[in-house]
Peer 1: 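Below you will find the structure I want to go over with you.
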Amino acid sequence: MENVEIDHLTSPSTSKEEEGNSMKNKVVVVILVGPPGSGKSTFCEDVMKDADRPWTRICQDKIARGGRAGTRSQCLSSATSALNEGSSVLIDRCNIDKEQRADFLKLGGDEVEKHCVFLDLPAKVCISRAMKRTDHEGKLQGGKAAAVVNRVLQKKELPELSEGFTRIMRCANEEHVEAAIGTYRGLGLVGTLPSGYFGQKSPGSKVQLGIMRFMKKVDPPANLQSKSDDPQDMSQDKVSLQKVSVNKEKISPTHSDVENDVPLWMSQDEVSVQKVSVCKEEDSCPAHSDVRNNEKLDSAHKTSATENVPALAFPSISTADFHFDLEKASNIIVEKVEEYINELGNARLVLVDISPNSKILASVRRKIAQRNIDSSKFFTFVGDITQLYSRGGLQCNVIANATNWRLKPGGGGVNAAIFSAAGPELESATKERATSLQPGNAVVVPISSTSPLFIREGVTHVVHVLGPNMNPQRPDCLKNDYVKGCNVLRKAYSSLFGAFVSIIRPEGASLTPNIDKSLETQDHLYRSPGKGHQKVSGREALDQPQNNKRYKGFYKELGTEVFYSDSKQEPPNIERTKGMSKTWASYAQALHNMAMHPDRHKKDVIEVSDDVVVINDLYPKAQKHLLVLARIKGLDSLADVDKEHLSLLNRMHHIGLKHAENLLKDNESLIFRMGYHSVPSMRQLHLHVISQDFNSNHLKNKKHWNSFTTLFFRDSVDVIEEVSRNGKPALIDDESHLKMELRCHRCRSVHPNIPRLKSHITSCQAPFPSKLQQNGRLIFCDR
DNA sequence: GTTCTAGAAC
DNA sequence: GTTCTAGAAC
């Protein structure tokens, strides 16, 4: 072994001979997992400093020779040598996905335990650190570090025990990291650590361990014992005595008598055992089914099992029975996901295939790894789409069915499986809404509360979608006409994702789905509250205490309580605002005063007419930032807008456009966007006309940035379309978007703070997201 | 909406 | 020590 490649720390009191005898079976391989800047090297240094146990740090950057990074095989051979010499090993490299970890998990054979320390710190923390360091061994520092961290995080796959780890410690913050360092520093010459998963986001676990408080000691319940002989001995494991809160609803939707507090020192397996012991209906309980099967699936995103976020699971359309070219299909999937991903809010899209060797999944994964797609919003999953929750722990409230033109059960594949799993009611409910489907179209069918799909899997809607057919054995074969085929496949995904957006945003989604004209007379499709008895009974069922705890929180979050009940009721956001004029603080009256009395504010006013006033924003957030104020009293925000204001909205739009075009004459490099804040701080409906440079000293904080660059900003064109279609604009009725991480509005990269972000956007020339490039959302000089 | 500022983060 | 955020006050 070359002595410059690795950091050794061997206890001076331990001779080689003693190591060979006493340490042989007690060495351990600790594989660090985390992006650049997550603190892997610091972790190693802290563990090794004054440690009793001999450690060897294997660092790929340090193995580097002649300016080039070392290789994986060099790391493996150094690690093997160290283990043979009786030293435990710290693998200090990103190890971000399973494939990168696999070889290191074979080190030393079965007798050597493999531990994982998963440094899962917020992206912005890692970026910030990586950018600031000046002495990195791999020369990864400064500006390029942010891009690298972003890229590495795209590939992140959560470590799982099933990979071969006996123990995983996830560290989500500095406190957790300190605890982990303490754990390994306290691991004496012959000590061992309990097996299992410690920390949140245990993949496949039904229990979300809540917020870890590593340092706060709480006595464990009398009926549970730590694996450590001495539970007070923090050197065994600093997490050993922590209690965490567990959300009952998330443990087992059908059983509420599970212990509410589970001590953190229990491993994932122990928690599962405990659940089994209190559950009387193991065979039918989804939680237990999942526990039994959770190692069969390989997704890095099973955490959604414990999160009540809306999700659409969809199979690849047309690539199986309809023989569509896989590469072309995967291109279209990625393209359409990119187009819709910003409309999802906290919702997710999951591409599902039953085969672990699925070529289409592999192709999509390969392509998304090269794109800037938020891996929490879109990921792939290997599993049966009809048993995602019960067997895979993945909760998806909407599943897509790649169906046939007759919308009939049978045939094979996904269609047969979904009709079969849902029971005969799906066929009748489908028939109520449509009897046939054209390629490229989709139809939404709510799932009855009595359907096994709802009871067992938590599925509330099936979206049938029909793709193009390239198989001469099937109807409507396109005979290899891929120009047409690709267009139809694009339309199919647009219909599907549009339908999903309509389900999760019932007030009226911003996209126009491809509604099959032949079906328009029937009551169904995407957004309509509908009159089907099924829907009403489905909602009634939610009032029953059993079977539905999971879904209650879900619907509350989505605000869909009203949407699926009888259609005479209005969506909740309308009800709330009607006749309940919001009270506005004095500081929030400025725009109202200007709109009512423009003559008193002549120096700020650019244009006045009977219905609008145009002003320069007093605190512009970009080089050019105008406001078009409505002059109707009582029209304070989008919540007050309805169909009668459509002509005013159009007029505000055109006045805004006129001013943007005037400003473009002076500066052709500007790009404008026009829109409304979902929940404005200032009274009086006002349209922002803002240049996309965001070059302004008045843009100071996260709220400023996110109010113009997330879904909180409602493009004028979309608002107008929604009001003309639904009579009301779709409202994002919470302000969570304002607290989201700071992402570049062009390339979508994450930045740790406002100064860094502002520095980035001065030079980012990436094209705007495709959605913004459509429907005239961006206004720019065409020459 | 902004300003101010304590204290967290670096 | 400086930078940055986030909450209170207005």
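By convention in this document, chain letters (A, B, ...) are assigned in the order of the sequence lines, proteins followed by strands, and residues within each chain are numbered from 1. Quantities reported herein were computed from a predicted structural model and do not represent experimental measurements.
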Peer 1: In whole angstrom, what separates A:Asn706's CG from C:dA6's P?
Peer 2: 11 Å
Peer 1: Check every atom of C:dA6, C:dC4, B:dG1 against the side chain of A:Met682 and return the nucleotide holding the closest atom.
Peer 2: B:dG1
Peer 1: What does A:Leu618 touch in the nucleic acid at a heavy-atom separation under 4.0 angstrom: a base, only the sugar-phosphate, or nothing?
Peer 2: nothing
Peer 1: Can you tell me how far P of C:dA6 sits from CD of A:Glu741, to the nearest Å?
Peer 2: 13 Å
Peer 1: For the pair A:Phe713 and A:His677, name the ring-plane relationship: parallel under 30°, tilted 30 to 60°, perpendicular over 60°.
Peer 2: perpendicular
Peer 1: Over all strands shown, is A:Lys739 touching base, sugar-phosphate only, or nothing at heavy-atom distances under 4.0 angstrom?
Peer 2: nothing
Peer 1: Could you tell me how the ring of A:His698 sits relative to the ring of A:Tyr619: parallel (under 30°), tilted (30 to 60°) or perpendicular (over 60°)?
Peer 2: perpendicular
Peer 1: Are the ring of A:Tyr587 and the six-membered base ring of C:dC10 within the stacking cut-offs of under 5.5 Å and under 30°?
Peer 2: yes
Peer 1: Please determine whether a side-chain nitrogen or oxygen atom of A:Lys621 lies at a distance below 4.0 Å from atom OP1 or OP2 of B:dT2.
Peer 2: yes
Peer 1: Across the strands shown, which category fits A:His704 at heavy-atom distances under 4.0 angstrom: base, sugar-phosphate, nothing?
Peer 2: sugar-phosphate
Peer 1: Find the distance A:Arg756:CZ to C:dT3:P and express it as a whole number of Å.
Peer 2: 12 Å
Peer 1: Measure the distance from CG on A:Asn753 to C1' on C:dT2 and round it to the nearest whole Å.
Peer 2: 13 Å
Peer 1: Counting just side-chain N and O atoms, does A:Lys700 come under 4.0 Å of either OP1 or OP2 of B:dG1?
Peer 2: no
Peer 1: Within the 4.0 Å heavy-atom criterion, would you say A:Lys703 contacts the bases, only the backbone, or no part of the nucleic acid?
Peer 2: nothing
Peer 1: Is the phosphate of B:dG1 approached by A:His698 (side-chain N or O, under 4.0 Å from OP1 or OP2)?
Peer 2: no
Peer 1: At what distance, to the nearest 0.5 angstrom, does NE2 of A:His115 lie from CG of A:Leu32?
Peer 2: 12.5 Å
Peer 1: Picking from A:Ile615, A:Val614, A:Val605, what satisfies side chain to side chain contact (heavy atoms under 4.5 Å, CB included) with A:Leu629?
Peer 2: A:Ile615
